[in-house]
Amino acid sequence: MEDLSLSNRPKSKTIVDIYGQRFSIVGAESTSHIRAVASIVDDKMREINSKNPSLDINKLAVLTAVNVVHEYLKLKEEYEKLEKQIIEKD
């Protein structure tokens, strides 16, 4: 079977624990990177659960994804704003 990934780097499997569940994640990133990502997801799920303890696991997972993407978009906007400021200075 052909590998259709965009990366030519070798992939490895890392076992992580997120919100009490074990996941096997396959990727080209380092094990430490994958563990860091899993830790952030776990922390965010626990943070949201502490504020909304009645959420079922599916809703908690979706709210976690929404929050993380929101944070990503805010950081991306800030990055683009700073990048534009640097270009305008030149």
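Note that the numbering runs from 1 along the sequence shown for the chain.
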So the salt bridge (Lys or Arg N to Asp or Glu O under 4.0 Å) pairs with at least one residue in residues 14-25 (sequence neighbours excluded) are none
Residues pairing under salt bridge (Lys or Arg N to Asp or Glu O under 4.0 Å) where one sits in residues 52-61, two or more places apart or in two chains, turn out to be none
Taken in chain and number order and not counting sequence neighbours, the residues that satisfy side-chain hydrogen bond (donor to acceptor under 3.5 Å, both in side chains) with Asn52 are none
Sorted by chain and number, sequence neighbours left out, side-chain contact (heavy atoms from CB on, under 4.5 Å) with Lys89 holds for none
Here the pair of heavy atoms bringing Ala28 nearest to Lys11 is N-CG, 4.1 Å
The side-chain hydrogen bond (donor to acceptor under 3.5 Å, both in side chains) partners of Arg46 (sequence neighbours excluded) come to Asp42
For residues 31-40, run the donor-acceptor check on the side chains, cut-off 3.5 Å, and write out each pair with its distance to 0.1 Å, sequence neighbours left out.
residue, atom, partner, partner atom, Å
Ser32, OG, Ser30, OG, 3.1
Arg35, NH1, Ile15, O, 3.0

Members sharing Leu73's hydrophobic cluster, built from side-chain contacts under 4.5 Å between Ile, Leu, Val, Met, Phe, Trp and Tyr, are Val69, Tyr72
By side-chain hydrogen bond (donor to acceptor under 3.5 Å, both in side chains), Tyr79 pairs with (sequence neighbours left out) Glu83
Sorted by chain and number, sequence neighbours left out, side-chain contact (heavy atoms from CB on, under 4.5 Å) with Val68 holds for Lys44, Thr64
ask   = With a 4.5 Å limit on heavy-atom distance, are the side chains of Lys74 and Glu78 in contact?
value = no
side-chain contact (heavy atoms from CB on, under 4.5 Å) filter on Lys51, not counting sequence neighbours, yields Glu47
side-chain contact (heavy atoms from CB on, under 4.5 Å) filter on Lys84, not counting sequence neighbours, yields Glu88
